[in-house]
There are 2 protein chains.
Amino acid sequence: MQKRSEDTGSVPATAATLPVTVDIVALTVRSGRLQVLVVERGIPPFAGRSALPGGFVLPGETLETAAARELAEETGIVPPGHMEQLRSYGPYGRDPRGPVLTVAYLLLAPSSGLPQAGGDTADATWVPVEEAAPADGGGPVLAFDHDRILADGVERARAKLEYSPLATSFCREEFTIAELRAVYEAVWGTRLDARNFHRKATDTPGFLEPTGRTDASGPGRPAELYRLAPGARPSAAVLHPPLLRPRRP
Amino acid sequence: MQKRSEDTGSVPATAATLPVTVDIVALTVRSGRLQVLVVERGIPPFAGRSALPGGFVLPGETLETAAARELAEETGIVPPGHMEQLRSYGPYGRDPRGPVLTVAYLLLAPSSGLPQAGGDTADATWVPVEEAAPADGGGPVLAFDHDRILADGVERARAKLEYSPLATSFCREEFTIAELRAVYEAVWGTRLDARNFHRKATDTPGFLEPTGRTDASGPGRPAELYRLAPGARPSAAVLHPPLLRPRRP
DNA sequence: AGGGCTTATCGTCGCACTGACGATAAAAGG
DNA sequence: CCTTTTATCGTCAGTGCGACGATAAGCCCT
């Protein structure tokens with residue numbers, strides 16, 4: 001795979017070579033709250049502390065592959081949902097073992113069929129993001145610089161819900177408007193008017209597609225079931241007008 | 001800097017170690033067009049081809065430091081403006097020398113005081129992004145995967161202008177509404193109504209602050225000079241209502 | 001069967017924002 | 001003074017949105 005000839009040149013000897021890790025901000029919506037997957041570290045550094053799932057990239061591995069592998073190792077399954085790169089952090093001042101570059105990934109997954117724990121590393125549990133990301137000046141909660149990575153991931157998710165169909169990644173294949181609204185409310189931490197949300201969600205072109213089926217599991221009038229409109233990728237800014245989160249003042 | 005003890009553990013021997021580069025998508029607005037800084041490569045691979053400025057991270061260097069150093073080496077100056085991380089690419093399938101991880105940065109700089117070329121590597125020139133990023137199915141223009149990185153950077157810039165004061169990073173300290181509008185028109189590639197833009201820009205709270213001075217250099221009525229409102233960081237989504245780019249329908 | 005409860009869905013109204021575009025202000029150059 | 005040019009201010013109709021009323025369609029209970 002690695003050619004060394006006059007045509008391609010070679011990596012200069014002065015170039016730094018860095019160990020690279022991937023960390024995953026895995027988010028889901030359970031019991032009406034936005035929750036993040038954290039693992040309890042079994043080995044130093046930060047043994048016994050909570051951390052985002054992740055680990056070192058192995059030789060020959062793609063970053064995405066490494067992220068999926070670490071997630072599978074620590075949660076026992078490859079969940080459905082949407083994964084995208086968040087950004088990179090480091091390499092200095094974030095790992096006591098020395099310079100380590102990490103590439104963070106953001107996973108948005110439906111809560112159905114998600115395992116609670118398992119794997120060989122340590123216990124993996126879902127915790128509400130407020131517990132893992134204190135907004136006030138409380139001390140750090142997660143190991144390494146994972147507090148900041150989590151905050152960046154949550155903010156990315158909150159922002160992307162406004163102008164992308166990404167919220168559907170938290171839902172099953174088919175879902176009701178109320179379930180979709182619960183996703184927005186959980187991620188944004190706000191309450192939304194059911195009637196206005198219904199209007200906006202169904203009126204936005206290229207967002208939802210009715211399946212014709214209904215869901216009568218809960219109390220009250222059965223709800224129409226929808227799926228993501230065909231051709232709409234979970235990412236990509238296609239929501240016009242956007243679904244803006246309510247303002248403060 | 002690098003402690004090795006029972007408390008911190010050490011990087012596992014199985015971890016991959018990768019050479020890391022930084023690449024910079026440096027954008028500016030000159031002659032009413034969005035332009036990107038490209039260098040002509042002097043050494044293999046891709047010798048003679050155009051590429052984004054960038055290079056290998058040196059030992060002990062921060063990614064941001066490396067980005068600033070490469071930019072200084074290849075353009076001869078540290079320009080003002082706003083720099084933020086774009087994302088990471090690789091490490092496979094993007095460099096014929098082997099696996100190389102690159103972290104791309106986005107720089108938005110005013111055109112005033114920007115050098116044309118210089119440095120020890122090769123000539124650095126500003127070229128309109130349409131020439132360096134063919135929207136149609138034309139072949140690749142830049143070396144490595146820099147076509148994609150450039151496209152991602154331009155899209156990031158276009159999106160951020162909508163909800164952040166980032167457009168002011170293309171301007172000098174003080175600027176007129178017309179200059180700011182020219183930035184939006186160049187970045188978005190559209191024409192904007194001068195009267196409506198003036199209303200939206202001046203009415204958006206937390207965006208602009210009048211300086212009281214005027215600029216009478218051009219023809220016509222002298223324009224009020226504005227600066228970025230105090231406390232507003234160039235990034236950060238603070239524009240409400242956002243300045244949305246015109247739609248296609 | 002009918003009344004009450006719950007949730008889903010549809011409608012209405014006023015306000016804010018937008019785009020299209022007219023009107024005025026303030027300079028330079030003839 | 002008049003024309004040209006650009007900046008800035010106003011007007012008006014269409015659209016989207018938040019607040020909230022009204023109706024639909026299930027369930028459970030008696």
Side-chain angles (χ1 to χ4, degrees), chain A residues 32 161-163 171 174-186 188-227 237-249, chain B residues 32 161-163 171 174-185 188 190-227 237-249:
Chain A
L161 287 210
E162 292 192 332
Y163 54 84
C171 301
E174 299 186 1
F175 49 87
T176 67
I177 300 288
E179 288 166 353
L180 187 65
R181 175 168 49 87
V183 167
Y184 278 88
E185 292 180 332
W188 286 347
T190 59
R191 305 241 52 184
L192 298 173
D193 185 274
R195 298 157 290 189
N196 291 335
F197 182 87
H198 187 279
R199 178 184 56 193
K200 293 213 293 191
T202 53
D203 285 1
T204 302
F207 187 16
L208 301 180
E209 182 191 48
T211 67
R213 271 185 295 282
T214 59
D215 171 71
S217 60
R221 172 175 170 177
E224 298 279 329
L225 281 169
Y226 293 81
R227 72 167 70 91
V238 294
L239 253 47
H240 278 277
L243 279 150
L244 296 175
R245 18 182 178 174
R247 301 273 112 221
R248 306 300 162 196
Chain B
L161 287 209
E162 293 192 333
Y163 53 86
C171 300
E174 299 186 1
F175 47 87
T176 67
I177 301 288
E179 288 166 354
L180 187 65
R181 174 168 49 87
V183 167
Y184 277 88
E185 292 180 334
W188 287 346
T190 59
R191 305 241 49 180
L192 299 174
D193 184 274
R195 298 157 290 189
N196 291 335
F197 182 86
H198 187 279
R199 177 184 56 193
K200 293 212 294 191
T202 52
D203 286 0
T204 302
F207 187 15
L208 302 180
E209 182 190 46
T211 67
R213 271 185 295 283
T214 59
D215 171 74
S217 60
R221 172 175 171 178
E224 298 280 329
L225 281 170
Y226 292 81
R227 72 167 69 91
V238 292
L239 254 46
H240 278 276
L243 279 149
L244 295 175
R245 24 186 171 170
R247 300 272 113 222
R248 305 301 164 194

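By convention in this document, chain letters (A, B, ...) are assigned in the order of the sequence lines, proteins followed by strands, and residues within each chain are numbered from 1.
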Nearest-angstrom distance from the residue atom CZ of A/R191 to C1' of D/dG18: 16 Å
On DNA chain C, does the nearest nucleotide to A/Y226 precede the nearest nucleotide to B/G218 from the 5' side, or the other way round? Give the residue. A/Y226
Euclidean distance, atom CD of residue A/E224 to atom P of D/dG26 [Å, nearest integer]: 11 Å
To the nearest angstrom, how far is B/H198 atom NE2 from D/dT6 atom P? 15 Å
Specify the residue among A/L244 and B/R181 whose closest nucleotide of DNA chain D lies further upstream toward the 5′ end. B/R181
List, one per line, each side-chain donor-acceptor pair under 3.5 Å for residues 211-218 of chain B, sequence neighbours excluded.
{"residue": "B/T211", "atom": "OG1", "partner": "B/R213", "partner atom": "N", "Å": "3.2"}
{"residue": "B/T211", "atom": "OG1", "partner": "B/L225", "partner atom": "O", "Å": "3.0"}
{"residue": "B/R213", "atom": "NE", "partner": "B/E174", "partner atom": "OE1", "Å": "3.3"}
{"residue": "B/R213", "atom": "NH2", "partner": "B/E174", "partner atom": "OE1", "Å": "3.4"}
{"residue": "B/R213", "atom": "NH2", "partner": "B/E174", "partner atom": "OE2", "Å": "2.4"}
{"residue": "B/D215", "atom": "OD1", "partner": "B/S217", "partner atom": "OG", "Å": "3.3"}
{"residue": "B/D215", "atom": "OD2", "partner": "B/S217", "partner atom": "OG", "Å": "3.0"}

If you apply the rule side chain to side chain contact (heavy atoms under 4.5 Å, CB included), what do you find for B/F197 with B/L243, and how did you get there? CA-CA 9 Å; B/F197 182 86; B/L243 279 149; 4.2 Å; yes
Given atom CG of A/L225 and atom C1' of D/dA25, what is their separation to the nearest angstrom? 15 Å
Length of the line joining B/R199:CZ and D/dT11:P, which is rounded to integer Å: 12 Å
Once you round to the nearest 0.5 Å, how far does CZ of A/R227 lie from CG of A/L208? 11.0 Å
Do the side chains of B/L180 and B/Y226 get nearer than 4.5 Å, heavy atoms only? no
Donor-acceptor contact below 3.5 Å, side chain B/E185 vs main chain B/G32: no
Opening and closing nucleotides of DNA chain C in contact with chain A, under 4.0 Å to non-hydrogen atoms: C/dT6 to C/dT12
Here the distance between atom P of D/dA7 and atom CZ of B/R221, to the nearest Å, is 10 Å
Between OG1 on residue B/T176 and NE2 on residue B/H198, distance to nearest 0.5 Å: 9.0 Å
Tell me what B/A223 touches on the nucleic acid: a base, only sugar-phosphate, or nothing, going by heavy atoms under 4.0 Å. sugar-phosphate
Rounding to an integer number of Å, can you tell me how far A/R195 CZ sits from D/dA19 P? 10 Å
A/D215 CG to D/dA25 C1', in whole Å, measures 14 Å
Do B/K200 and B/F207 pass the side chain to side chain contact (heavy atoms under 4.5 Å, CB included) test, and can you show the C-alpha distance, the side-chain angles, and the key distance before you say yes or no? CA-CA 10 Å; B/K200 293 212 294 191; B/F207 187 15; over 6 Å; no
